[in-house]
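Scroll down for the structure; my scribbles are underneath it.
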Amino acid sequence: MPIFGETSLFLLVLLLAALFQLSHGDVGTSAHYSPPYSPTACYGSSLSQFPSSNMFAAAGEGIWDNGAACGRQYLVRCISAAVPRTCLPDQMVQVRIVDRAQTSRSSPSLNGATIVLAAPAFGTIADPSATVINVEFQQV
C-alpha cells in the first residue's frame with residue numbers, strides 16, 4: 001500500500017507542475033470599448049499613439065501604475081467567460097496601452113476591468129458581443 005501512496009503523490013506533483021507550466025502571466029478581466037478613442041490619458045489627441053493594427057487598450061487601475069503603463073505592451077488571451085464558447089481558441093493579441101480605462105472618453109463595456117481592449121483587439125480573442133471575459137495577460 002505505501003507504494004501506491006507514493007505513486008499517487010508523485011503523479012499529483014507531476015500534474016501540478018504541468019499546470020503551472022501552462023500559465024506564464026497574470027489573470028484578470030477584460031472589457032472592450034469603441035470609438036471615439038481620443039483624447040487619451042497617455043498621449044492626448046495625437047493620432048500617432050494608435051498602432052496601425054488597432055491593437056491597443058486602456059489600462060485598468062490594477063495595471064495603470066500612476067501612468068507608467070502608457071506605452072507598455074501586453075500579450076492577452078481569453079481563458080474563460082460566463083457564456084460557453086465565447087473565447088476564440090488559440091488566439092492571442094498584443095496590445096499597446098494608450099489610455100486609462102477609468103477616464104477614457106468612451107465607456108468600457110464593464111467598469112473595473114483589468115484591461116479594456118479596443119473593439120478590434122477584443123474581437124481577435126473573443127466573441128465581440130461579450131461584455132466581459134477572463135484573460136491571461138503578460139507584459140512584453
| said: As a quick check of understanding, evaluate side chain to side chain donor-acceptor pair (under 3.5 Å) for Asn134 and Thr29, giving each step before the final call. | reply: CA-CA 4 Å; Asn134 296 311; Thr29 56; 6.0 Å; no
| field | Rounded distance (nearest 0.5 Å) linking atom CD of Gln139 with atom CD1 of Ile63 | value | 8.5 Å
| said: Same cluster or not: Leu117 versus Trp64, using hydrophobic residues (I, L, V, M, F, W, Y) connected whenever any side-chain heavy atoms lie under 4.5 Å apart? | reply: no
| message | When you compare the side chains of Ser104 and Asp99, does any donor N or O come within less than 3.5 Å of an acceptor on the partner? | response | no
| said: I'd like to know if the side chain of Arg100 and the backbone of Glu61 have a donor-acceptor N/O pair within less than 3.5 Å. | reply: no
| field | Same cluster (ILVMFWY, side-chain, under 4.5 Å), Val132 and Val76 | value | no
| said: Would you compute the distance between atom CZ of Arg96 and atom CZ of Arg72 and round it to the nearest 0.5 angstrom? | reply: 13.0 Å
| query | Just by modelled atom types, is the Thr131 backbone N or O under 3.5 Å from a matching donor or acceptor in the Ser109 side chain? | reply | yes
| Between Ser46 and Tyr43, is there a donor-acceptor pair closer than 3.5 Å when you use the side chain of the first and the backbone of the second? | no
| note | Looking only at heavy atoms, the pair that brings Pro39 and Ser45 closest together is CB-OG, 3.6 Å
| task | Indicate if Val135 and Met55 have the same hydrophobic cluster label, given that clusters are the connected sets of ILVMFWY residues with side-chain heavy-atom separations under 4.5 angstrom. | result | yes
| query | Parallel, tilted or perpendicular for Tyr33 and Phe56, by the 30°/60° rule? | reply | perpendicular
| query | Are Tyr37 and Leu47 connected in a single hydrophobic cluster, I mean Ile/Leu/Val/Met/Phe/Trp/Tyr linked by side-chain heavy atoms less than 4.5 Å apart? | reply | yes
| query | Do any N or O atoms from the side chain of Thr114 and from the backbone of Gly60 form a donor-acceptor pair under 3.5 angstrom? | reply | no
| Passing option when Cys78 is tested against Leu88, Asp127, Ile133 for side chain to side chain contact (heavy atoms under 4.5 Å, CB included) | Ile133
| field | Reported CD1-to-OG distance for the pair Ile125 and Ser30, which is rounded to 0.5 angstrom | value | 5.5 Å
| Backbone of Gly25 reached by a side-chain donor or acceptor of Glu136 within 3.5 Å | yes
| message | Classify the ring geometry of Tyr74 against Phe137: parallel below 30°, tilted from 30° to 60°, perpendicular beyond 60°. | response | perpendicular
| query | Is Thr124 reaching over with its side chain to a backbone N or O of Pro120, donor-acceptor style, under 3.5 angstrom? | reply | yes
| field | Under 3.5 Å: donor-acceptor pair, side chain of Thr86, backbone of Ala126 | value | no
| task | Any chance you could measure Ser106, atom OG, to His32, atom NE2, to the nearest 0.5 Å? | result | 11.0 Å
| task | Give a yes or no on whether Val93 and Ile115 share a hydrophobic cluster (residues Ile, Leu, Val, Met, Phe, Trp, Tyr; joining criterion: side-chain heavy atoms under 4.5 Å apart). | result | yes
| task | For residues Arg77 and Met92, report the shortest heavy-atom separation together with the two atoms involved. | result | CD-CE, 3.9 Å
| Derivation of the side-chain contact (heavy atoms from CB on, under 4.5 Å) call for Thr40 and Gln49 | CA-CA 9 Å; Thr40 68; Gln49 68 184 308; 2.6 Å; yes
